[in-house]
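Quick notes on the structure that follows.
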Amino acid sequence: MPRMVILDGNSLANRAFYALPPLTTADGRPTNVLHGFLTMLFRLEQEQHPDYWVVAFDKTKATVRIEQYAGYKAQRKETPEGLRPQFDYLKEILTEMDVPMLELAGYEADDLIAAITKQAEAQGMEIQIYTGDKDALQLISPRTTVFLTKKGISEVEPYDETALWERYQLRPHQIIDLKGLMGDTSDNIPGVPGIGEKTALKLLWEFETVEGVLANVDKVSGKKVQSNLKEYTDQAILSKKLATMLTEVPIGFSCDDFVHRRSIAAKVLPVLQKYDLKSVTRLWQERHKDDEEIPGGSPEEVLENWPERVLTEEEWLMQIEQWQSKNIPLTLACRYEGTGLQGGRWLEWGVAAQGETFTLIREEASEKVCEAWLQLMGSERVPKTLADSKTVALLLANEGISLKRSVLDLSLASYLIQSSRPKFAPLDLVKEYFPTQPAFRNVAEEAAALAQVAPKFEKEIHFLGLARLLHEVEEPLSLVLAQVERHGIGIDSEQLKVFGEGISLTLRELEQEIYALAEETFNINSPKQLGTILFEKLGLPTAKKTKTGYSTDAETLEELRNAHPVVAKILDYRQLNKLMSTYVNGLLAQAKEGRIHTTFQQTVTTTGRLSSTEPNLQNIPIRLEQGRQLRKVFHPTEPGWVLLSADYSQIELRILAHYSQDPLLCESFSLGQDVHTRTAAEVFGISLNEVTSDMRRSAKAVNFGLVYGLTEFGLSRDLGIPRKESKFYIEQYFKRYGGVKRYLEDVVTQAKKEGQVRTLLNRLRRIPELLHSNRVKRQFGERIAMNTPVQGTAADIMKLAMLKVAEGLAPYRAAMLLQVHDELLLQVAPEDLEKVAHMLKDKMENAFTLSVPMTVECKVGTNWYDMQPFKPID
DNA sequence: GGTTTCACG
DNA sequence: ACGTACGTGAAACCC
């Protein structure tokens with residue numbers, strides 16, 4: 001269970017101030033609070049290992065409570081002279097330590113603590129609250145323990161429900177009643193005059209709550225107490241209200257906000273030194289003695305630690321020779337013009353090596369130096385650390401050099417560590433460890449900064465067991481992808497234009513017909529305007545709604561197809577318009593010299609898949625014939641060559657079979673059966689030859705759903721059947737395929753325990769959603785837990801296959817053109833077709849050994865539309 | 001810049 | 001009573 005530690009900054013600082021002698025810096029600034037607070041902080045960090053932590057502070061001025069009761073805290077002493085500045089010092093230090101802090105105008109630390117506790121409880125965390133304020137005892141629960149400071153500050157006493165009972169014989173919720181009766185002078189909660197702790201406890205043991213006491217006031221023993229209770233009834237109720245911590249504070253936090261990070265020496269030590277905190281420094285160093293020292297942080301420091309050396313031509317040549325001959329590891333940064341892919345041309349290289357940095361400027365360097373430099377880049381033996389090796393490989397390819405031995409790609413490393421991060425540019429990577437790093441002023445500084453964080457990434461990669469995936473899969477794959485992107489696929493722009501003209505014509509006709517049927521012109525592409533026409537003007541029945549209005553998606557319109565003749569026209573229009581804008585126009589804009597080059601994104605998806613952009617060639621139409629025609633314009637770049645495709649058959653279900661070891665599912669694949677037909681036979685309890693095409697369709701939907709984290713809703717929507725029916729299918733399925741059921745349950749249980757899932761190649765995905773307080777989001781987390789190992793393993797296997805295929809292609813006249821998740825598209829000279837197809841099928845089927853066979857189906861054609869099955873001879 | 005829709009696996 | 005199938009990217013609209 002993840003542990004959240006919450007500290008009451010104000011309360012603890014106050015305790016420390018009064019508990020410790022008045023320590024100061026050499027120049028007289030008070031520091032005793034810093035000593036006390038940090039000593040306690042380090043101690044709890046070491047003993048409790050929080051996964052999340054946060055320090056809450058009051059943001060005084062007009063608090064919400066002052067509106068409730070004018071006297072509240074009116075008598076609280078002014079913050080003493082020696083304490084006030086220490087809050088600023090403390091916040092400065094905590095900032096450098098990367099300890100999250102929270103304060104909110106108008107609220108006290110108390111209320112923030114209550115609100116955080118409530119949320120953390122809902123997310124299934126264990127909570128520890130550190131404070132000197134007994135009010136917090138009201139938050140105790142089976143998951144929440146309150147640590148009250150004892151005597152000084154560095155010693156604390158834990159209170160859980162049992163401890164609270166032993167001490168007061170009260171339940172946590174009665175703490176506010178206690179305060180309601182006895183009051184609290186420090187907070188100026190009035191309570192009831194004449195009632196102190198002892199009387200209050202006695203009353204509560206008997207009558208449980210303030211309300212209980214007041215209702216039974218006549219039974220209360222003690223005349224004075226009784227009369228005071230009667231006289232100050234309202235004050236008692238108000239006091240209880242004042243003592244109640246507000247949980248309805250407008251804060252929302254995500255786990256990431258409060259995640260516990262190890263602090264960094266380069267940031268922490270200087271600030272501790274600034275306040276002469278010698279013993280605290282020793283404590284910190286003791287605790288972090290295993291961390292390697294990373295110097296620097298600010299740009300000045302980076303360059304100070306990696307001073308830049310300016311070289312003459314002679315010196316450059318010698319330096320390069322030295323790096324080359326001694327295989328010196330280099331960390332690189334690059335500036336270039338154009339894009340990596342098209343017309344990309346390097347302008348400057350920043351190099352960090354052996355504690356020095358260098359800048360190579362194309363405009364200033366001699367040809368000889370550039371030549372030697374490029375040789376070095378192509379050298380097998382010189383290890384290189386960089387961010388985004390694919391782009392660098394493309395830039396070098398433009399110079400006729402192939403990048404060799406990129407030992408560490410920090411972008412890919414960071415992606416494997418946390419696939420959900422939005423960006424992996426050099427600055428983002430450096431900011432992981434130096435959050436205050438501003439934009440790099442030059443390439444040398446960038447290289448130096450990368451060199452400083454590289455060991456951190458390497459350590460983390462090893463710690464998480466991702467080294468092989470990084471070095472043996474992702475990094476080499478980036479170089480293969482660079483080749484694939486650079487090669488591009490052939491595209492016939494003329495044919496595409498003709499295709500577009502045909503579509504345009506139909507589109508214009510449809511447009512007029514739609515206007516006529518609607519009896520007005522409007523923007524068909526605007527869901528808003530379309531909704532108005534359909535649901536208001538024409539009065540069609542509304543079914544689904546979106547955030548902003550009526551839904552007009554294809555599913556909704558399909559329902560209304562027969563309700564009005566315009567609907568079918570709109571559906572047609574939509575389809576053709578999509579083809580026109582996204583595909584015809586989109587692709588034409590990207591086509592150059594008869595080719596089109598996509599960019600594969602290797603650090604985007606959370607599952608490990610690739611994605612494809614500008615243009616996306618992984619979503620070229622195929623399902624509907626009209627769109628499928630578009631594939632005719634894709635062809636080999638070499639005349640006479642053919643396209644060769646190979647796709648994994650049912651790879652995700654095979655992986656599910658492998659993971660679950662379900663006997664029926666495994667058998668189905670071992671026997672080479674049609675898995676959907678077999679599933680139908682099992683679910684409907686009939687023999688294989690009795691399965692109708694409708695039954696097979698249903699079974700297919702079930703199989704698909706399984707991989708996504710099956711839901712009744714999803715299946716019923718997909719098949720257009722009632723929920724009851726989909727529920728029945730699912731029940732029947734799990735009755736027959738108990739192994740699958742067990743596996744899916746186990747993977748979710750495991751994921752909840754660990755907060756993450758892994759693929760067969762150890763790829764990791766963290767699933768914070770599993771801890772979300774919102775049930776819908778939590779269930780989403782559960783489906784992610786079911787889907788990611790399957791989808792991610794399929795991605796892993798395809799990546800392995802691509803590496804092997806790329807290697808296997810070397811002797812042949814052939815090239816890899818595209819990857820579409822479970823399909824590879826190649827082009828081959830006809831004379832090599834048989835051998836390449838054989839190699840391709842073999843490498844893909846044997847890329848990784850599962851407990852069920854993998855099968856790959858090849859097709860051949862002169863364009864991407866006319867693809868015919870092709871079975872290589874064994 | 002967010003929302004909706006729709007193309008793919 | 002909720003509001004859902006998993007993973008993407010691009011175009012268009014609209015604020």
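Quick caveat: nothing in here was measured; it's all calculated off a predicted structure. The basis for the numbers below is simple: all heavy atoms, side chains too, and nothing from hydrogens, waters or symmetry mates. So that the names make sense, note that chain A is the first sequence line, chain B the second, and so on, each numbered from 1.
- Remark: P of dG9(B) and CG of Asn703(A) are 17 Å apart, rounded to the nearest angstrom.
- Under 4.0 Å is where a charged nitrogen must lie from a carboxylate oxygen, and between Asp694(A) and Arg697(A) at least one such pair does.
- Atom-to-atom, CG of Leu653(A) to C1' of dG9(B) comes out at 13 Å; the value is rounded to the nearest Å.
- In this structure, the CD1 atom of Ile651(A) is 18 Å from the P atom of dG7(C), given to the nearest Å.
- When heavy atoms are screened at a 4.0 angstrom cut-off, Ala554(A) is found touching the sugar-phosphate backbone but no base atom.
- For the P atom pair drawn from dT4(C) and dT5(B), the interatomic distance equals 13 Å after rounding to whole Å.
- Taking Asp492(A) as the reference, nothing meets the salt bridge (Lys or Arg N to Asp or Glu O under 4.0 Å) condition, with sequence neighbours excluded.
- Spacing between atom CD of Glu769(A) and atom P of dG7(C) amounts to 8 Å, rounded to whole angstrom units.
- Near DNA chain C, meaning a heavy atom under 4.0 Å away, the residues from residues 710-718 of chain A are Leu710(A), Thr711(A), Phe713(A), Gly714(A), Leu715(A), Arg717(A), Asp718(A).
- Between Arg574(A) and dC6(B), a side-chain N or O to OP1/OP2 separation shorter than 4.0 Å is present.
- Checking Ser526(A) against Asn523(A) by side-chain atom types alone, no donor-acceptor pair falls below 3.5 Å.
- The salt bridge (Lys or Arg N to Asp or Glu O under 4.0 Å) search around Lys118(A) returns Glu248(A), not counting sequence neighbours.
- The salt bridge (charged side-chain N to carboxylate O under 4.0 Å, His left out) pairs that include a residue from residues 783-795 of chain A number zero, where partners must be two or more places apart or lie in different chains.
- Under the salt bridge (Lys or Arg N to Asp or Glu O under 4.0 Å) criterion, Glu121(A) pairs with no residue, sequence neighbours left out.
- The interatomic distance linking Lys547(A) (NZ) with dT3(B) (C1') rounds to 7 Å, in whole Å.
- Atom OH of Tyr708(A) and atom C1' of dT4(C) are 14 Å apart (whole Å).
- For residues 527-541 of chain A, every residue pair satisfying the salt bridge (charged side-chain N to carboxylate O under 4.0 Å, His left out) rule, not counting sequence neighbours, is listed here: Glu520(A)-Lys537(A).
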When Watson-Crick pairs (N1 to N3 and N6-O4 or O6-N4) and G-U wobble pairs (N1-O2 and O6-N3) count only below 3.5 Å on both distances, what is the dot-bracket string of DNA chain C, with | for other-strand pairs? .....|||||||||.
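- A donor-acceptor pair is defined here as one N or O able to donate and one able to accept, closer than 3.5 Å; such a pair exists between the side chain of Arg631(A) and the backbone of Ile620(A).
- dA5(C) and dC6(B) have their P atoms separated by 15 Å, given to the nearest Å.
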Pair Leu534(A), Leu557(A) - check side-chain contact (heavy atoms from CB on, under 4.5 Å), show working. CA-CA 10 Å; Leu534(A) 291 178; Leu557(A) 295 187; 3.7 Å; yes
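- As judged by a 4.0 angstrom heavy-atom cut-off over every strand, Ala589(A) is placed among residues making no nucleic acid contact.
- Under 4.0 Å is where a charged nitrogen must lie from a carboxylate oxygen, and between Arg742(A) and Glu745(A) no such pair does.
- Gln629(A) and Lys632(A) are linked by a side-chain donor-acceptor pair at a separation below 3.5 angstrom, with hydrogens and angles left out of the test.
- Side-chain to base pairing of Arg623(A) with dG9(B): one donor and one acceptor N or O lie within less than 3.5 Å of each other.
- Put simply, CZ on Phe600(A) is 13 Å from C1' on dG9(B), counting in whole angstrom units.
- In the model, Thr556(A) has no side-chain atom that pairs as donor or acceptor with a side-chain atom of Tyr550(A) under 3.5 Å.
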Please test Glu682(A) against Lys735(A) for salt bridge (Lys or Arg N to Asp or Glu O under 4.0 Å), starting from the C-alpha separation and ending with a verdict. CA-CA 9 Å; Glu682(A) 298 296 339; Lys735(A) 261 187 214 163; over 6 Å; no
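- Applying a 4.0 Å cut-off to non-hydrogen atoms, the residues of residues 721-751 of chain A that approach DNA chain C are Arg723(A), listed by residue number.
- For residues 775-794 of chain A, proximity to DNA chain B is found at Gln791(A), defined as any non-hydrogen atom under 4.0 angstrom from a strand atom.
- Under the salt bridge (charged side-chain N to carboxylate O under 4.0 Å, His left out) criterion, the residue pairs touching residues 791-802 of chain A are Glu474(A)-Lys799(A), Arg763(A)-Asp796(A), with sequence neighbours excluded.
- Counting non-hydrogen atoms under 4.0 angstrom, Val707(A) reaches nothing in the nucleic acid.
- Atom-to-atom, CG of Asp822(A) to C1' of dG7(C) comes out at 12 Å; the value is rounded to the nearest Å.
- With contacts defined as side-chain heavy-atom distances shorter than 4.5 Å, the pair Thr605(A)/Ser419(A) does not qualify.
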Determine, stepwise, if the pair Gln791(A) / Glu652(A) fulfils side-chain contact (heavy atoms from CB on, under 4.5 Å). CA-CA 6 Å; Gln791(A) 188 183 123; Glu652(A) 295 192 342; 3.7 Å; yes
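- Contact between the side-chain N/O atoms of Ser551(A) and the OP1/OP2 oxygens of dT5(B) is found at a separation under 4.0 Å.
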Going 5' to 3' through nucleotides 8-15 of chain C, assign each nucleotide B (protein heavy atom under 4.0 Å from a base atom), S (under 4.0 Å only from sugar-phosphate atoms) or - (no protein heavy atom that close). SBSSSSSS
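- Glu559(A) pairs by the salt bridge (Lys or Arg N to Asp or Glu O under 4.0 Å) definition with nothing, not counting sequence neighbours.
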